Enquirer: 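Have a look at this one before I ask anything.
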Amino acid sequence: MIPVNYYLALSAVLFCIGALGVLVRRNALVIFMSIELMLNAANVAFVAFSRQFGHLDGQIMVLFVLTVAAAEVAVGLAMIVAIFRVRASINVDELNQLRG
Amino acid sequence: MPFPDLNLFTAVHLLFLSAWACALLLADLWIPKTHKPVTGWLAFAGLVITLGLVVAQLGARQAAFGGALATDGFSTLMNFIFIGAGMLSVLMALNYLRQHDLERGEFYPLLLFSIVGMMAMGMAKDLIVVFLALELLSIPLYVLAGFGRPRIESEEAGLKYFLLGAFSSAFLVYGIALVYGATQATSFAGIGMALDAGQATSPLLLAGVGLIMVGMGFKVAAVPFHMWTPDVYDGSPSVVTAFMSVGAKAAGFAALVRVLFDALAPLASEWGVVVATLAALSMVLGNVAAIAQTSMKRMLAYSSIAHAGYVAVAALIDAQGAQSNFSAGAAIFYLGAYALTNLGTWAVVLAVEKPGRMTTDVADYAGLGRTQPALAAAMTLFMLSLTGLPPSIGFVAKFYVFRAALEAGYTWLVLLGVVTVLISAYYYLRVIVVMWMKEGLGEAVLPRALNFTIWLTAVGTLVFGIVPGPLMNFVESSVRGIF
């Protein structure tokens, strides 16, 4: 059996790639995908721990996280579409109406 | 496998309000466009019934869903704050939405769903519930922040809130995963037991706790996780800002207090430093940045960051982990006082806001003392309360919070807090000066529901400021022995 540390390392790497993606990318869709990557990194960790401990709490949490991610997608994409209709761009640097 | 005790009656107010919101979404289809306030009044009725259900549970201490949710004095008090904020927000929205041509029926069900999330947050006894409740409160708020569609400011606020909110909840989830890995549990009781058994120093656990605090810090808008706040508060429709500045902050702190005091109390010396730092940074940066603002909404946004700092001052235990029931009570009292005062302030902002323009400058308040003396007097009271000057509930709340921090041994933080109160007096009192001493048009529109909201909050702010004793005793006796 592959030790849990390997899975943890994988999930940490995924999480960092996601976080970096949010910070450096400027396209709202790509930022959103990076956030999904972070959530899935957590899911990998949950499943690995759940398997290690031999109880199901972690896997149940994964189901909840997936559900919530789906709900976030619905709202997030709707907003991105709404912005695109007005601005014809989803570059977050151009969202600069509000400042001060 | 034993089936966990659901004990649905304990969560009956959550179930009722969710069902009511779903039914309202459907019922709204049959309500013609000209009669949208009917949806608002139906939402109000749902909140009244929920309030009744919460009152019926007063004094009970029960667990539901196998211990994942708890009804106790703490959750009941938080529920009062959330439901009260919801009711006042509905009253404020009735005319605001029509004035700004935003009258769409889904506003009210979204508000109700968000309140369900907030109430669940105050009842959470399990990290899974914390996460679910946080999302249930946030996702409707993302939509509400963008409710001013197709105004670009509102859409921008919605998207910014959404992206940063989702980013922060990813931190929260990862933190929960790490804590689960370190303690083999997601329930507060299980985590507490694992900590008592001596796993307190595992780096995995500390990293997890840190990430959870990042996630919560975003929600309550504490520095350095506050960057979204001014933009989102400024761009959202003002009535949404009023609701979220009060509700989301209170819910975030409710969950934070539960997680820190309930599950992580053995780690108090570790997280105490972090919370104290967040509190200090929020108080200083929020108040200093507010001075430079000319827009009323942005000023109140920075003020709300500063107030997050004051609440965090209450959420501290002394390094030995000795529990003072004082802290939780002080945090709740402060959140309640802030809710009352801040909703009143936003109601005045709504009255001054002109149709078609979703923002006001401090200069727009000039002359209000001459044209609308009662309104200006109420605003004066709210500003005094936000500063923390007597005779207002804000003074009592600050006193209470600082006393709790002194008992926990954070004297330096209290001194810093008092200095920042003095700084904040500059920009709060400036509003009073502008209202009474500057010449201006002083235009304000006061529909009946809005007028009622302002009167109610003003009377509450004043009365509890002069006679805080009964309320304080009620809060203290409710939270005694919970943490």
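Since the structure is predicted, the reported quantities are computational estimates derived from the model, not experimental observations. Residue numbers start from 1 in every chain, and the chains themselves are labelled A, B, ... in the order their sequence lines are given, proteins ahead of strands.
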Enquirer: Is chain B contacted by the side chain of F15(A), its backbone, both, or neither, given a heavy-atom distance below 4.5 Å?
Expert: side chain

Enquirer: Just so I understand: if I count every heavy-atom pair under 4.5 Å between each of A28(A), A19(A), S11(A) and chain B, which residue has the most?
Expert: S11(A)

Enquirer: Does CZ belonging to R26(A) count more than 12 external heavy atoms closer than 6.0 Å?
Expert: yes

Enquirer: Counting only heavy atoms not in L23(A), do more than 12 sit closer than 6.0 Å to its CG atom?
Expert: yes

Enquirer: Quick one: CG on L8(A) to CG on L204(B), what's the gap to the nearest 0.5 Å?
Expert: 6.5 Å

Enquirer: Who wins among G175(B), G158(B), S138(B) for the most heavy-atom pairs under 4.5 Å with chain A?
Expert: G158(B)

Enquirer: Can you say whether E155(B) sits under 4.5 Å from chain A via the side chain, the backbone, both, or neither, judging by heavy atoms?
Expert: both

Enquirer: Of all of G76(A), A45(A), G18(A), which one pairs up most often with chain B through heavy atoms under 4.5 Å apart?
Expert: G76(A)

Enquirer: Go through V75(A), I83(A), T67(A) and name the one with the most non-hydrogen pairs under 4.5 angstrom from chain B.
Expert: I83(A)

Enquirer: With chain B, which of V65(A), L39(A), V68(A), V4(A) has the greatest number of heavy-atom pairs at distances under 4.5 Å?
Expert: V68(A)

Enquirer: Give me the atom names and distance for the closest heavy-atom approach of V86(A) to P150(B).
Expert: CG2-O, 4.3 Å

Enquirer: Might you point out which heavy atoms bring A82(A) and R149(B) nearest each other, and give the distance in Å?
Expert: CB-CD, 4.0 Å

Enquirer: Which bit of A78(A) comes within less than 4.5 Å of chain B, counting heavy atoms only: side chain, backbone, both or neither?
Expert: neither

Enquirer: Can you find a heavy atom in the side chain of F64(A) that is under 4.5 Å from one in the side chain of E135(B)?
Expert: no

Enquirer: What part of I176(B) gets closer than 4.5 Å to chain A, counting heavy atoms only: side chain, backbone, both or neither?
Expert: both

Enquirer: Within a reach of under 6.0 Å around CZ of R51(A), are more than 12 heavy atoms found that belong to other residues, nucleotides or ligands?
Expert: no

Enquirer: For S34(A), which atoms come within 4.5 Å of any heavy atom of chain B: side chain, backbone, both, or neither?
Expert: neither

Enquirer: Calculate, to the nearest 0.5 Å, the distance between atoms CZ and CD belonging to F162(B) and E72(A) respectively.
Expert: 5.5 Å

Enquirer: About how many Å separate CG of L163(B) and CD1 of I80(A), when rounded to the nearest 0.5 Å?
Expert: 6.5 Å

Enquirer: To the nearest 0.5 Å, how far apart are CG in L63(A) and CD1 in I128(B)?
Expert: 10.0 Å

Enquirer: Is there a side chain to side chain contact (heavy atoms under 4.5 Å, CB included) between M61(A) and T186(B) once you walk through the steps?
Expert: CA-CA 9 Å; M61(A) 181 69 183; T186(B) 54; 5.7 Å; no

Enquirer: Can you say whether Y174(B) sits under 4.5 Å from chain A via the side chain, the backbone, both, or neither, judging by heavy atoms?
Expert: both

Enquirer: Which bit of L132(B) comes within less than 4.5 Å of chain A, counting heavy atoms only: side chain, backbone, both or neither?
Expert: side chain

Enquirer: Would you say N27(A) has more than 12 foreign heavy atoms packed within less than 6.0 Å of its CG?
Expert: yes

Enquirer: What part of V44(A) lies closer than 4.5 angstrom to a heavy atom of chain B: side chain, backbone, both or neither?
Expert: neither

Enquirer: Does CZ belonging to R104(B) count more than 12 external heavy atoms closer than 6.0 Å?
Expert: yes

Enquirer: In terms of ring plane angle, is the pair Y180(B) and F53(A) parallel, tilted or perpendicular, where the classes change at 30° and 60°?
Expert: perpendicular

Enquirer: Should F167(B) and I31(A) be marked as a side chain to side chain contact (heavy atoms under 4.5 Å, CB included) after you check the CA-CA gap, both sets of side-chain angles, and the distance that decides it?
Expert: CA-CA 9 Å; F167(B) 188 47; I31(A) 292 179; over 6 Å; no

